[in-house]
Amino acid sequence: MVSYREVAEQDFGALISAAESWEHAAEGFGEAEADHRTRVYHATSGNAEVWSGLSADAATDRFAATERELAAAQEECRGIARLLRDGEAELVRLRGRLMSLVEEARAAGFAVNAEGQVSVADRQPNDPETQRLDQVAAEWRRELDRAVSLVSAADISLALGLKDATTGLDLMGGGIFNGAALTDAQVPPGKQAADLARQLNEDGELSEQEWFELNQLMASHADDVAFNRMLLTELGADGLLALSAQVAGHLGDGGAEESRHRYETLEQRLANTVAVATRTPALDGGIPYGQWIHTEEGGFYESWMTDLREVGTTRYPVPGLTDHSVTGYQLLATVLSSGEGCPDRFLRDLADDIRTAEDPSRGGSKDIWQQRAEEGNVDGLSAAELDRFALDPLDTVLGLMAAAPDTSAAYLDPDANDNLDYFLHDREWNHLVYYGEMDMNDHAYGGGDSITSRPTEPDGARDGLVNALEAATTGIPMGTDPPSADRALNRTEEGARVMEHLVTTFAADDGAMIADDGDWSFMRPELGRMTAAYMADFQNHISGGIEVVPLPEHRLDLNGEGPAKFLAQLGRDPEAYGYVTAAQQAYTALSVDYVFNDPDGSGLPAGDRLPHAIKPGTMIAGIMADARVTAVYEERIAEDEAFNANVDAWMTFAGLILDEGVGKATDAMPYGGSIVEWGVEELMGSVTETLYRDSGPEAAAESGTIYFGFYEDSLSAAVLAVDLAAGDDDTDASRQHLRNIAIESVTDSFDRLIDWDNPAGKE
């Protein structure tokens, strides 16, 4: 393998010089062929006056063979020249990609030496941050190594191509020159890759050399739109899905590690091929889609999607994975989930097409994805295999959308379509049909002689939808884990409409859908995070319109008692309670600080305005405490240890709210307030102190004891916020007076109870 230095310093211009020499040689052979034809072959062949008889006939055959050889020599020379030019272009492109990575690394603050070693440019000894940067530097080095390996692979591929061109058989047979060289050189890389993929489909395997060529072609053209579109065009949707079935089968047969790695790599490259080939104009700009679809690129996209619709519901055998066939959409979704994302338009169109295949109102079949299941497996699929196989292709595509919040919001926007209502009310999520004896609560399902239990949801069902909803409403990509501290909330108009719709839907019938036994109760932790992102709106609504800190853009239109009932159901879940409470306390503290550093200059003393900052959050705290205490008392459980284990995750999300609020407050107060001076970390610490539980098992059975504990938490949070915000400034009143106002505000507002009847367990 070539080194970084060799790639960086190599002058590939020698390949162009060589190509020119081969082209001159082709011209020379062309002149020789013309002379031979004029002075020898045509001068003697068939001219009895010049030469006749057996010797003349034998010579004519030889002269014809010589002319064919001269023609083949020209083809070989031109083919080699073409290979050299294409090889030089590819090597220059890949070297450019390598050097671009080097510039990116340097722009990010890393040094890259002549050997390709990456290090922290401004290294500080014994600095914890430097240790983290060392890890980032190692990642950059791996990226550079991968870029160098692509150059090396292209170099090897060029060498193999030159060898084939110079040693391959002449199409005329028996010749010494390769008359097929030019033909081979003109085969586009996309078609070469498709030919190898078809061979893999037909034969079930490739030679080592063929595997190398396929990998090299797909790796070196990973970002080439034309290559990937040609590959898909040549394969067709059916060929791609058949190849996807081959991949799924080999990954499911428990074969050798080397073979598994080979097919995992192919799966990832197929995902990349689809992603690159289906690039379309951005939804929010560029050429209008209606115009683009009539271009050559648009024609490919329309043709490909039409082709995919025709075979998406076709069933393919997947030996090695399951004894039963699976649909093309399931195979495609499995492949796509191994990649690094797809264009937003493609994901939305694909999701629409998959819905059409399953939605009875659109002529689809609601049980199209159902798989036969037995104890411990689904059609032979183990739990581990189910984790990677897209049993539910639509949910898988929704999960892919979750990496792009704007895409998720647009697809789920209730003002634009009925997708959200379909998922919440109409869709069948039960994709497993268990065969065997039924219990008394089951009923026969299916037809024929089979006796089955009713369909059930597989583990992880609806994960994709939940992630897409969280991404759409918070603006944070994905949604399964607490977001990292460097991410920010990014609410949008579409996302706000999605959140409003969720609150309205889940608040109906006293929150029956998210009650303890509700069909969507599993989603309460994620709903807690979504609610935390809109804490300003919830405080404003619950308090009857009190607004201290200016509300952010894209406000929620909340009405009636529904939001309070929605919060009450979230309060019954410990994780959801934690997210909402952390966010409530953080936003309340932000409001308190705003009171002491008001940029509006209202002239009112801080003590007079302090209740307005404290009461909204305290009212929410009362609702959450009432619901949480009731749940703990009913379940007779003490969850302190598990509860405390989640505090860090809750505070991470609350930190996003504080970061956003601090930014807005700083913009509004150019002179800087205490929130700027003491910063987010100190406030985070004060909020964290009030979240940890230490009630002990005895208190779990005493609802009054726990409720009073939550009340004391609110008192502590309010007093801490006042102490931090007031600082050393006691001009309006004494510090104790301000604390007393905070305590009175909490006392007056904490018992905000609502008239609701918990539907959990009701007949």
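- Considering only heavy atoms from C-beta on, Val225 stays 4.5 Å or farther from Phe300 through its side chain.
- Using a cut-off of 4.0 Å between Lys/Arg side-chain N and Asp/Glu carboxylate O, Glu88 and Arg85 are scored as not salt-bridged.
- Here Leu336 contributes atom CG and Phe346 contributes atom CZ; the two are 5.5 Å apart, rounded to the nearest 0.5 Å.
- Between the side chains of Glu264 and Gln268, no donor-acceptor pair is found at a separation under 3.5 Å.
- The CG atom of Asp344 sits 7.5 Å away from the CZ atom of Arg348 when rounded to the nearest 0.5 Å.
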### Message
Please evaluate residues Glu208 and Arg262 with respect to the criterion salt bridge (Lys or Arg N to Asp or Glu O under 4.0 Å), reporting the C-alpha separation (whole Å), side-chain torsions for both, the decisive distance (0.1 Å), and the verdict.
### Response
CA-CA 11 Å; Glu208 289 295 326; Arg262 177 175 286 168; 3.1 Å; yes
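- Scanning all heavy atoms of the two residues, the minimum distance from Val2 to Asp155 falls at CG1-OD2, 4.4 Å.
- Taking every heavy atom of both residues into account, Ser325 and Pro317 meet most closely at CB-N, 4.1 Å.
- The shortest side-chain heavy-atom distance between Leu101 and Val112 does not fall under the 4.5 Å cut-off.
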### Task
Could you please spell out the steps behind the side-chain contact (heavy atoms from CB on, under 4.5 Å) verdict for Val120 and Asp134?
CA-CA 7 Å; Val120 181; Asp134 284 340; 3.4 Å; yes
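- Looking only at distances, a side-chain donor or acceptor of Thr356 sits under 3.5 Å from a matching main-chain atom of Asp352.
- Not one N or O on the side chain of Thr327 forms a donor-acceptor pair closer than 3.5 Å with the backbone of Thr313.
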### Query
Are Glu90 and Asp86 close enough, and set up right, to give a side-chain contact (heavy atoms from CB on, under 4.5 Å), and what steps lead you there?
CA-CA 6 Å; Glu90 182 67 2; Asp86 289 349; over 6 Å; no
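- At least one donor-acceptor pair closer than 3.5 Å links the side chain of Asp395 to the backbone N or O of Gly464.
- Arg269 and Asn215 form a side-chain donor-acceptor contact under 3.5 Å, judged by distance and modelled atom types alone.
- A donor-acceptor pair is defined here as one N or O able to donate and one able to accept, closer than 3.5 Å; no such pair exists between the side chain of His36 and the backbone of Ala32.
- Remark: the backbone N or O of Ala403 is not paired with any side-chain donor or acceptor of Asn467 at under 3.5 angstrom.
- Side-chain contact between Thr265 and His261 is present, with at least one heavy-atom pair separated by less than 4.5 Å.
- If you take CD on Glu76 and CD1 on Ile80, they are separated by 4.5 Å, rounding to the nearest 0.5 Å.
- For Pro189 against Leu217, the heavy-atom pair with the smallest separation is CB-CD2, 3.9 Å.
- Here the closest non-hydrogen pair linking Pro477 and Pro405 is N-CG, 3.7 Å.
- Side-chain contact between Phe389 and Val318 is absent, with no heavy-atom pair separated by less than 4.5 Å.
- Annotation: Glu20, atom CD; neighbour count of heavy atoms from other residues, nucleotides and ligands within 6.0 Å is above 12.
- Side-chain atoms of Gln330 never come within 3.5 Å of backbone atoms of Pro393 as a donor-acceptor pair (strictly under, hydrogens ignored).
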### Worked verdict on Trp369 versus Glu358 for side-chain hydrogen bond (donor to acceptor under 3.5 Å, both in side chains)
CA-CA 8 Å; Trp369 319 124; Glu358 67 171 35; 2.6 Å; yes
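- Here salt bridge (Lys or Arg N to Asp or Glu O under 4.0 Å) pairs that include residues 230-250, with residues two or more places apart or in two chains, are Arg198-Glu234.
- Between Ser21 atom OG and Glu23 atom CD the span is 9.0 Å, to the nearest 0.5 Å.
- Residues Leu162 and Leu84 form a side-chain contact, since some pair of their non-hydrogen atoms from C-beta on lies under 4.5 Å apart.
- A side-chain donor-acceptor contact under 3.5 Å links Thr278 to the backbone of Val274.
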### Task
List the steps and the verdict of salt bridge (Lys or Arg N to Asp or Glu O under 4.0 Å) for Glu297 and Arg279.
CA-CA 9 Å; Glu297 291 182 340; Arg279 288 175 182 166; over 6 Å; no
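- Here the straight-line distance linking atom CE of Met218 with atom CZ of Phe227 works out to 6.0 Å at 0.5 Å rounding.
- Atom-to-atom distance recorded for Leu200:CG and Leu214:CG is 7.5 Å, nearest 0.5 angstrom.
- Ring-centre distance between Trp211 and Tyr263: below the 6.0 Å cut-off.
- Under the 3.5 Å distance criterion, the side-chain polar atoms of Arg95 are matched with a main-chain donor or acceptor of Gln10.
- The side-chain heavy atoms of His221 and Leu231, taken from C-beta on, include no pair separated by under 4.5 Å.
- Under the 3.5 Å distance criterion, with hydrogens and angles disregarded, no donor-acceptor pair is assigned to the side chains of Thr280 and Arg345.
- Within the 3.5 Å criterion, the main-chain N or O of Gly236 finds no donor-acceptor partner in the side chain of Asp307.
- Between the side chain of Asp392 and the backbone N or O of Leu394, at least one donor-acceptor pair lies under 3.5 Å.
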### Message
As a quick check of understanding, evaluate side-chain contact (heavy atoms from CB on, under 4.5 Å) for Tyr329 and Leu350, giving each step before the final call.
### Response
CA-CA 9 Å; Tyr329 280 134; Leu350 180 60; 3.8 Å; yes
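- Proximity of Glu104 to Trp140: side-chain heavy atoms (C-beta onward) are separated by under 4.5 Å at one or more points.
- By the 4.5 Å heavy-atom criterion applied to side chains, Val335 and Val247 are not counted as neighbours.
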### Task
Assess whether side-chain contact (heavy atoms from CB on, under 4.5 Å) is satisfied between Val102 and Tyr4, documenting all intermediate values.
CA-CA 11 Å; Val102 171; Tyr4 169 85; 3.5 Å; yes
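- Remark: Arg5 engages Ser3, Glu9, Ala114, Glu115 in a side-chain contact (heavy atoms from CB on, under 4.5 Å) (not counting sequence neighbours).
- Here the closest heavy-atom approach between residue Ile368 and residue Arg315 is recorded as O-NH1, 3.6 Å.
- Closest approach of Arg78 to Ala26, counting heavy atoms only: CG-CB, 3.8 Å.
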